[in-house]
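Indexing begins at 1, ligand by ligand and atom by atom, following the structure's order. Quick note: residue numbers are just sequence positions, from 1.
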Amino acid sequence: MAAILQMENITKSFGKQRALNHVNLTIQPGDIYGLIGRNGAGKTTILKTIVQLLYADQGTITLFGATYGKDYTKQLKRTGSVIETPVANDQLTAQQNLTYYCKIKGIVDKDAIDDALKFVGLTDTGKKKFKDFSLGMKQKLGLAIALLNKPDFLILDEPINGLDPIAIADFRNLLVKINQTQGMTILISSHILEELYQMATRFGIIDHGTIIKELTKDEFDAKSREYIKLQVDQPKLAATVLNKMGIEDFKVIDQHTLNIYDLSLDNAALVEMLVAASVSVTTIVREHINLENYFKTIVAENEVTPNA
Ligand SMILES: Nc1ncnc2c1ncn2[C@@H]1O[C@H](COP(=O)(O)OP(=O)(O)OP(=O)(O)O)[C@@H](O)[C@H]1O
């Protein structure tokens, strides 16, 4: 099946600052694609480039098979997006804001507003103005605006930031429902990796403007095995000790941490050998790879000098 979105070799700079560096990214129909990256990694720039709030300096973006020009603009009508804060008028109610958006988007479907309000659970806000909405309500109205034209591809930038755990679960359920019942493809960026894990079907990890890893949830789950986390003062020396013990399946993660994947290891014998080699051990525990520590590991492995 043809991809919904394909970014090939996308580069974007702001002056000397390179925000996107040869980005390659593919979103398949029905994906909930979770875009993961630390602050300033380039997530918002990717989303803005897709919806043409920004233009790439180099590379190709293909959206529903259209590459550039009029065709791309036409296909953009099949998307709905909330990038950065939802843009709504403070002085208007939910209904009035949606009426405004219907006008500017040329939406004539009479049920569009009621459908969107009902879907996000904002039917009872009456005369309350947007400025008096809670953050959760604001995020939901943003989603309602993005859903007005019943898009095939929804693009959301950090939609759950700042929400309380109940509002986050509520939002997640809405997105999963819309994906499963309407087959809507979703691209979502978030820092809340535990949440993203629960909804996404594919992940893209971005660092310093480059996608350093793309994998499906199934591929991630296959990697999500147990390991022993060892924290010491001298990881290089600890690695030598492990080699001497015939343990090869491990990784040095940072200046204090090694992850050992060979669970047949005798922890007591290891600690004894480390102490004998004058390595000071602060932690030795069994852990499970979750999305957050996987993300940290991949970023550490791919650490490169940021572009000037
Ligand atoms: N309009 C702009 N002018 C100059 N630099 C910009 C502009 N927009 C983004 N940048 C820079 O590009 C880089 C990527 O920014 P971007 O907003 O895409 O990151 P992000 O991953 O979305 O970060 P965050 O998680 O903090 O929102 C950053 O270094 C940022 O300072």
State the CG-CD1 distance between N243 and I247, to the nearest 0.5 angstrom.
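Atom-to-atom, N243:CG and I247:CD1 are 9.5 Å apart.
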Heavy-atom nearest option to atom 18 (O) of ligand 1, drawn from I46, L53, T45, I206:
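Selected option, by shortest heavy-atom distance: T45.
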Let me see the working for S189 and D157 under side-chain hydrogen bond (donor to acceptor under 3.5 Å, both in side chains), right down to the final yes or no.
CA-CA 5 Å; S189 75; D157 189 17; 2.8 Å; yes
Between I107 and L92, is there shared hydrophobic-cluster membership here, with clusters defined by ILVMFWY side-chain heavy atoms closer than 4.5 Å?
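Looking at the clustering, L92 is in a separate group from I107.
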Hey, is ligand 1 close enough to [X] that some N/O pair sits below 3.5 Å?
X	value
G40	yes
A41	yes
G42	yes

Is K12 close enough and on-axis enough to F14, meaning under 6.0 Å and within 45°, for cation-pi?
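Yes, K12 lies over the aromatic ring of F14.
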Tell me, please, whether F203 has K217 positioned over its six-membered ring: NZ or CZ under 6.0 Å from the ring centre and within 45 degrees of its axis?
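Checked: cation-pi criterion not met.
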Once you restrict to heavy atoms under 4.0 Å, what part of Q17 touches ligand 1? Side chain, backbone, both or neither.
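For Q17, the contact with ligand 1 is made by the side chain alone.
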For the pair E219 and K223, find out whether any cationic side-chain nitrogen is under 4.0 Å from an anionic carboxylate oxygen.
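Here E219 does not pair with K223 in a salt bridge, since their nearest N and O are not under 4.0 Å apart.
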Over 12 non-hydrogen atoms of neighbours within 6.0 angstrom of CD1 in I104:
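For I104, atom CD1 is crowded (more than 12 foreign heavy atoms under 6.0 Å).
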Any chance CD of E248 has more than 12 other-residue heavy atoms, nucleotides or ligands included, within less than 6.0 Å?
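No, CD of E248 has 12 or fewer neighbouring heavy atoms, counting only those of other groups under 6.0 Å.
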Protein heavy-atom partner closest to [atom] - residue, atom, separation in Å:
atom	answer
atom 11 (C) of ligand 1	F14 CD1, 4.0 Å
atom 26 (O) of ligand 1	N39 ND2, 2.9 Å
atom 12 (O) of ligand 1	A19 CB, 3.3 Å
atom 27 (O) of ligand 1	T44 OG1, 3.9 Å
atom 25 (O) of ligand 1	K43 NZ, 2.8 Å

Show the atoms of ligand 1 that are less than 4.0 angstrom away from any heavy atom in [X].
X	answer
E158	25 (O)
H191	25 (O)
R38	21 (O)

side-chain hydrogen bond (donor to acceptor under 3.5 Å, both in side chains) between D249 and Y227, worked out
CA-CA 10 Å; D249 195 5; Y227 63 96; over 6 Å; no
Output yes when a protein non-hydrogen atom is found under 4.0 Å of atom 14 (C) of ligand 1, and no otherwise.
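Yes.
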So, for atom 8 (N) of ligand 1, does the protein have a heavy atom nearer than 4.0 Å?
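Within 4.0 Å: yes, protein heavy atom nearby.
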Please name all residues satisfying ring pair (Phe, Tyr, Trp, His ring centres under 6.0 Å) with Y100, sequence neighbours left out, ordered by chain then number.
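Ring pair (Phe, Tyr, Trp, His ring centres under 6.0 Å) check on Y100 returns nothing, list empty.
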